[in-house]
Protein chains: 2
Amino acid sequence: MTETKPPLWQQVRDEMARDIRSGKVYPGELLPTEKALSERLGVHRHTVRRALQELREQGLVRTEQGRGTVVLEQPFEYKMGRRTRFSENMSLNRLKARSHFLYGDVITASELVAGQLELRPRSRVSYIEMYGEAEGKRVFVASQYIPHVDMEDLIAVFRKTGSLTKAYRHYGIKDYFRKVSRITTRLSNPEETRLLKLKQKQPLLVVEYVNVDPSGRPIEFGITRFSGDRMEIVVEGN
Amino acid sequence: MTETKPPLWQQVRDEMARDIRSGKVYPGELLPTEKALSERLGVHRHTVRRALQELREQGLVRTEQGRGTVVLEQPFEYKMGRRTRFSENMSLNRLKARSHFLYGDVITASELVAGQLELRPRSRVSYIEMYGEAEGKRVFVASQYIPHVDMEDLIAVFRKTGSLTKAYRHYGIKDYFRKVSRITTRLSNPEETRLLKLKQKQPLLVVEYVNVDPSGRPIEFGITRFSGDRMEIVVEGN
DNA sequence: TTGAATTTGTACGTATGTATA
DNA sequence: ATATACATACGTACAAATTCA
């Protein structure tokens, strides 16, 4: 059994991957130039290029001709399933995640909202806007519509607890499920760009969903807009 | 039991919605101006505006100040679930959907591909690129990686049948399931912009997935890029 | 607006080791 | 054992994109 060293380019790749994953180089930063790397590591530029090619395939870096190679932010995973809840989701990912209240009011449902919630047209609904952070980064903004029946103080309770799940529990809804999710993409508008602290308009993942209680009655219609380069949606099993 | 007519603005809204959905006015076209509409329908401009507001909320039109109101293309639905197959999916939607072969070869798996397919590094895999059309519109481009074992002629069979599902059946794989899907978004690159016949770079829905046979063995790793304004992903039940 | 310097992309060459038929 | 193909590594030149004075 002879122990052989892996090829040079793989050693280079692994060393660079380590530096990136360990946080030695920060996301958004440029790596040293291929020339600088090859001189520092004592290998040919082609060897560095071979390593960079793999790092690109792994989604760790992005190379721009004439500019350099930038370290990419690794997106957070948003596991979407029947039991989807944002805060649980993120804490499972050992991330510090929090939702922040932006605005709440009782409004008249538009046709779309009434339809999704299976309410009569122009029913009254609670409307809540919030944004979410993970590891200090803004990762989503969300709008939620909740039937106003028997939940007059929902907004106040939500502000107190900071969690819709907890607010629901306060009203006797102990459990709920994701009925359907519709996923689209579009560029952020100025408002979203500001709220998500993006440098410029960028693609968003837009998830429109309906949550239902155990009896199948809709209790929440929501539109969540995820920052496309900070989040990815994972649908498992399914 | 008194029968009451709905408000005037709702009648206007419903008539306009009918015209759009029936294809009387085409996506991309400008609607008549609010003034022209109000005169033709014999209602006040504000009544037309109230109707347009609802159409905007329903995602049927987009209004641009100083220009007019454009009819939006309605995206196709891509139902994603355990039994996801593109062609079945689209035909269920009573759409004429077809996949078109672009390129196929046998290549050495990158680390990412080998990992996803649970193969040894640098295993040989079949690689297929294709694009999909629905109703004459390009809606996705896809890259698939399939373990090369016992499927030497996969590419030839795929070209003949035009369906991966059928090609698999030819090799005795009668059924397969979606194990996991990862959904992200980013702007199209020049190649994708060209293949999807987009006018300029636009947000894509990028779905990376793994399909497994009934025993749980990975048989396909794929990356599908959907044109963001022509497709939406629907995850049901889940 | 232009042009030079910098950086990455591509394409050729050479040499050598390793796996395979 | 030999021939062939493939992987690795370095050499050189120039094209293309970006940056900045």
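In what follows, chains are A, B, ... by sequence order, proteins preceding strands, each numbered from 1.
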Contact pattern, 5' to 3', of nucleotides 14-20 of chain C - B, S or - by protein heavy atom under 4.0 Å: -------
Partner set under ring-ring contact (aromatic ring centres under 6.0 Å, His included) for B/F158, not counting sequence neighbours: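 Per chain and number, B/F158 pairs via ring-ring contact (aromatic ring centres under 6.0 Å, His included) with no residue.
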Could you pull out all residues at least two apart from A/Y209 that satisfy ring-ring contact (aromatic ring centres under 6.0 Å, His included)?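 By the ring-ring contact (aromatic ring centres under 6.0 Å, His included) rule, A/Y209 matches no residue at all.
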By a strict heavy-atom criterion of less than 4.0 Å, which residues belonging to residues 38-53 of chain A are in contact with DNA chain C?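 Close to the strand are A/R45, A/H46, A/R49.
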Scan residues 19-30 of chain A for pairs that pass salt bridge (charged side-chain N to carboxylate O under 4.0 Å, His left out), counting only residues two or more places apart or in two chains.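 Only A/D19-A/K24 qualify under salt bridge (charged side-chain N to carboxylate O under 4.0 Å, His left out).
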Any salt bridge (charged side-chain N to carboxylate O under 4.0 Å, His left out) involving residues 158-171 of chain B? Give me the pairs, sequence neighbours left out, ordered by first then second residue.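 Salt bridge (charged side-chain N to carboxylate O under 4.0 Å, His left out) check on residues 158-171 of chain B returns no pairs.
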Calculate the interatomic distance between [X] atom [atom1] and [N] atom [atom2]; express it in whole Å.
{"X": "A/R62", "N": "C/dT8", "atom1": "CZ", "atom2": "P", "result": "14 Å"}
{"X": "A/L8", "N": "D/dG11", "atom1": "CG", "atom2": "P", "result": "12 Å"}
{"X": "A/K35", "N": "C/dA5", "atom1": "NZ", "atom2": "C1'", "result": "12 Å"}

With sequence neighbours left out, write down each residue that passes side-chain hydrogen bond (donor to acceptor under 3.5 Å, both in side chains) with B/R62, or none if nothing qualifies.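 B/R62: side-chain hydrogen bond (donor to acceptor under 3.5 Å, both in side chains) contacts with B/E64.
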With heavy-atom distances below 4.5 Å as the criterion, would you say the side chains of A/V141 and A/E129 are in contact?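 No - every pair of side-chain heavy atoms lies 4.5 Å or more apart.
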Under 3.5 Å, which N/O atoms of the protein pair with N/O atoms of nucleotides 19-21 of chain D?
from   : atom 1 : to    : atom 2 : distance (Å)
D/dT19 : OP1    : A/R67 : NE     : 3.3

Apply salt bridge (Lys or Arg N to Asp or Glu O under 4.0 Å) to [X] and list each qualifying residue two or more places apart in sequence or on a separate chain.
{"X": "A/R230", "result": "none"}
{"X": "B/D229", "result": "none"}
{"X": "A/R194", "result": "A/E191"}

When the side chains of residues 30-39 of chain A are checked against the rest of the protein, which donor-acceptor pairs come out under 3.5 Å, sequence neighbours left out?
from  : atom 1 : to    : atom 2 : distance (Å)
A/T33 : OG1    : A/A36 : N      : 3.0
A/E34 : OE1    : A/R45 : NE     : 2.7
A/E34 : OE1    : A/R45 : NH2    : 3.0
A/E34 : OE1    : A/R49 : NH1    : 3.3
A/E34 : OE2    : A/R49 : NH1    : 2.9
A/K35 : NZ     : A/E39 : OE2    : 3.4
A/S38 : OG     : A/E34 : O      : 3.3
A/S38 : OG     : A/K35 : O      : 2.8

